[in-house]
Amino acid sequence: MTEVVLIDWGGGNIGSVRYALERLGARAVLSADAATISAAQRVILPGVGAAPPAMARLRELGLVEPIRRLRQPLLGICLGMQLLYESSDEGDVECLGLLPGRIVRMTSGPGVRVPHMGWNQLQPSQPTGLLDGIDAGAHAYFVHSYAAPLSAATLASSDHGGGFTAVAGHGRCFGAQFHPERSAAVGQRLLANFLAMEAA
């Protein structure tokens, strides 16, 4: 059994992420306790919603600094990934600062609707164990209006009115803009790869 703690700040997709992890044989624990999170082998920051109330809730729970100090593998999902960056245009909010850069609002246009909702292709751009077994052009399921621009932290990109970061990584900190728990075999493989990473 692999222990992974899901940070329970109120993010709406936490139950489905936990179920996806349990299907892979992981022991997934929901917690908002800083000591429990800090002692975990691996940590996931899930989330749907908006950055300002999410960061306010993490501060209220006293979790901002404990998350910043984590040395074990950390995976942010959807809004959770955006919170890993330095800041966000959404409410002009300071985020966790674990990934370099600022989250920006996606741009709509002819044939390009925001929010970006539905299946889109992944284009890996750097070798990483997180994407082992996931081919270029594999489809994942997205729901978001804000995204990280392409940068040195981009491990895989996608395109919706322009390229954006679909999977990010820096050190032992990773993010998936798409929903692995809703992305069929591709999402299952990404979660399995995360669980296989060397624990703290």
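Residues: numbered from 1 along the sequence shown.
At distances below 3.5 Å, not a single donor-acceptor pair connects side-chain atoms of Arg42 with backbone N or O atoms of Ala40. Between the side chain of Asn120 and the backbone N or O of Asp159 there is at least one donor-acceptor pair closer than 3.5 Å. Formation of a donor-acceptor pair under 3.5 Å by the Gln188 side chain with backbone atoms of Leu24 is not found in this model. Glu86 contributes a side-chain N or O that, together with a main-chain N or O of Gly101, makes up a donor-acceptor pair within less than 3.5 Å. Between the side chain of Ser125 and the main chain of Leu155, a donor-acceptor pair closer than 3.5 Å is present. Of the possible donor and acceptor atoms, one in the side chain of Arg18 sits under 3.5 Å from a partner among the backbone N and O of Ala28. Side chain of Gln41 to main chain of Glu3: a donor-acceptor pair is present (N/O by atom type, distance under 3.5 Å, no hydrogens or angles). The main-chain N or O of Val93 is never found under 3.5 Å from a side-chain atom of Ser87 such that the two would form a donor-acceptor pair. Listed for the Gln72 side chain is no donor-acceptor partner under 3.5 Å among the backbone atoms of Arg172. At distances below 3.5 Å, not a single donor-acceptor pair connects side-chain atoms of Glu181 with backbone N or O atoms of Tyr19.
Between the NE2 atom of His139 and the OG atom of Ser158 there is a distance of 8.5 Å, given to the nearest 0.5 Å. The distance from atom OG of Ser38 to atom CZ of Arg71, rounded to the nearest 0.5 Å, is 11.0 Å. Atom CG in Asp8 sits 11.0 Å away from atom CG in Leu45 (nearest 0.5 Å). Taken to the nearest 0.5 Å, the CD atom of Glu90 stands 9.0 Å off from the CG atom of Leu83. Expressed to the nearest 0.5 Å, how far OG1 of Thr154 lies from CD of Gln177 amounts to 11.5 Å. Asp33 contributes atom CG, which lies 8.5 Å from atom CG of Leu63 (distance to the nearest 0.5 angstrom).
In plain terms, the two heavy atoms of Ile37 and Ser31 that are nearest each other are CD1-O, 3.7 Å. Residues Ala153 and Gln126 approach most closely at C-NE2, 4.4 Å, considering heavy atoms. Contact between Phe174 and Gly169 at its shortest, heavy atoms only, is CD2-CA, 3.9 Å. Pairing each heavy atom of Gly91 with each of Pro52, the nearest pair is CA-CG, 3.8 Å. The minimum heavy-atom distance between His179 and Cys78, with the atom names listed, is NE2-SG, 3.4 Å. Of all non-hydrogen atoms in Met81 and Ala168, the two that sit nearest each other are CE-CB, 4.1 Å.
Between Leu131 and Asn193, the closest side-chain pair of non-hydrogen atoms is not below 4.5 Å. Leu130 is listed as a side-chain neighbour of Leu190, based on a closest heavy-atom distance under 4.5 Å. At least one side-chain heavy atom of Leu58 sits less than 4.5 Å from a side-chain heavy atom of Ile7. Between Val112 and Thr107 the shortest side-chain heavy-atom distance does not fall below 4.5 Å. Side-chain contact between Arg59 and Glu94 is present, with heavy atoms from C-beta onward closer than 4.5 Å. Using a 4.5 Å cut-off on side-chain heavy atoms (C-beta onward), Leu75 and Leu191 make contact. Counting only heavy atoms from C-beta outward, the side chains of Arg105 and Ser145 approach each other to under 4.5 Å. Inter-residue side-chain proximity for Leu150 and Thr165 is flagged as met; some heavy-atom pair is nearer than 4.5 Å.
A perpendicular orientation is assigned to the rings of Trp119 and Tyr141, their planes being inclined by more than 60° (bins at 30° and 60°).
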field: Worked verdict on Asp132 versus Arg189 for side-chain contact (heavy atoms from CB on, under 4.5 Å)
entry: CA-CA 8 Å; Asp132 281 353; Arg189 184 59 187 262; 4.2 Å; yes
query: Run the side-chain contact (heavy atoms from CB on, under 4.5 Å) check on Ile103 and Asp89 step by step: do they pass?
result: CA-CA 6 Å; Ile103 299 298; Asp89 280 354; over 6 Å; no
query: Are Phe178 and Val167 close enough, and set up right, to give a side-chain contact (heavy atoms from CB on, under 4.5 Å), and what steps lead you there?
result: CA-CA 8 Å; Phe178 63 92; Val167 181; 3.6 Å; yes
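At a threshold of 4.5 Å between side-chain heavy atoms, the hydrophobic network of Ile, Leu, Val, Met, Phe, Trp and Tyr places Val143 and Leu79 in two separate groups. In terms of hydrophobic clustering, with Ile, Leu, Val, Met, Phe, Trp and Tyr side chains grouped at heavy-atom distances under 4.5 Å, Leu21 and Leu30 are assigned to a common cluster. By the criterion of side-chain heavy atoms lying less than 4.5 angstrom apart, applied directly or through intervening Ile, Leu, Val, Met, Phe, Trp or Tyr residues, Leu84 is grouped together with Leu61 in one hydrophobic cluster.
Within 6.0 Å of the NE2 atom in His170, the count of heavy atoms belonging to other residues, nucleotides or ligands does not exceed 12. Within 6.0 Å of atom CZ in Arg68, more than 12 heavy atoms from other residues, nucleotides or ligands are found, so the atom counts as buried in its surroundings.
Ring to ring, Phe142 and Phe164 are close: their centroids are under 6.0 angstrom apart.
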